[in-house]
Enquirer: 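After the C-alpha cells below, expect a handful of questions from me.
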Amino acid sequence: MSEQGMQATGGCRCDTNPVRYEYNGAPFEVHYCLCTDCTDISGGALALIAVVERDAFRITQGEEKIRNFDTKATAHRRFCGDCGCHMFLYVDPFPDHVLVHVPTLDRESQVGGEPDRWVFTDSKHPLLAIPDDGLPRHPGWAPTPTAAS
Ligand SMILES: [Zn+2]
Ligand SMILES: [Zn+2]
C-alpha cells in the first residue's frame, strides 16, 4: 500500500522565500477533523489532516519564518510568521508523527492517501453538511482502523 516513489510538496502562501516542506512515501493515515482546535485556528469548517512519519518529513526552505502557537498544551501548531499560513502541527500523543494540513500541499502534489474517517463530529459547525461519502463518523477521536494492530 505504501507508495515508495511518491513525494508530496507544500508550503505557505508567501510570494518571496515561502516556507516549503515535503514528505516521502504514503502518510500513515489521512482523516477529516472537525474539532474546534483545528477549525478555529484555520478559519475553516473542517481540517483535512495527513499523519506523516517524522522521519519522512522535512522543511526544505524558509524554516526561519516558521512560528509556533500552542492551541493547547499538547498541540504545537506551526505557521508562517509572514503570511500566517498554518501548515502542520506536532501533537504530544503522536510523538513519531507530524500532522500536515493537506490543503497546504501544492494542488498538483500527490497526498499519498485518502481520508478514511471523520473525527470529532460532535464539534461540527451547524452550517457544515458532512457529505454522504460512506466514511465512518466518530463523535470524538478515533484511530484509523489500520492503526489498531
Ligand atoms: Zn508565508
Ligand atoms: Zn482537530
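All residue numbers in this chain count up from 1 along the given sequence. Both counts, for ligands and for their atoms, begin at 1 and track the order of listing.
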Enquirer: Y23 and T9: side-chain donor and acceptor closer than 3.5 Å?
Expert: no

Enquirer: Without hydrogens or angle criteria, can the side chains of D92 and H76 be said to hold a donor-acceptor pair below 3.5 Å?
Expert: yes

Enquirer: Give the total of protein N/O/S atoms at a distance below 2.8 Å from the Zn ion (ligand 2).
Expert: 3

Enquirer: Sort by chain and number the protein N/O/S atoms found under 2.8 Å from the Zn ion (ligand 1).
Expert: C12 SG, C14 SG, C80 SG, C83 SG

Enquirer: Could I get the full list of salt bridge (Lys or Arg N to Asp or Glu O under 4.0 Å) partners for K65, not counting sequence neighbours?
Expert: D82

Enquirer: Taking side chain to side chain contact (heavy atoms under 4.5 Å, CB included) as the criterion, tell me which of V100, L105, L48 meets it with V111.
Expert: L105

Enquirer: For H31 and W141, take the angle between the two ring planes, folded into 0 to 90°, and tell me which bin it lands in: parallel under 30, tilted 30 to 60, perpendicular over 60.
Expert: perpendicular

Enquirer: Sort out for me which residue in H97, E114, R117 forms a side chain to side chain contact (heavy atoms under 4.5 Å, CB included) with E29.
Expert: R117

Enquirer: Applying side-chain hydrogen bond (donor to acceptor under 3.5 Å, both in side chains), can you list everything that pairs with E64, at least two apart in sequence or on another chain?
Expert: N17

Enquirer: Which residue in the set L99, V52, I49, I59 passes side chain to side chain contact (heavy atoms under 4.5 Å, CB included) when paired with F88?
Expert: I59

Enquirer: Any luck finding a side-chain donor-acceptor pair between T71 and R77 under 3.5 Å?
Expert: yes

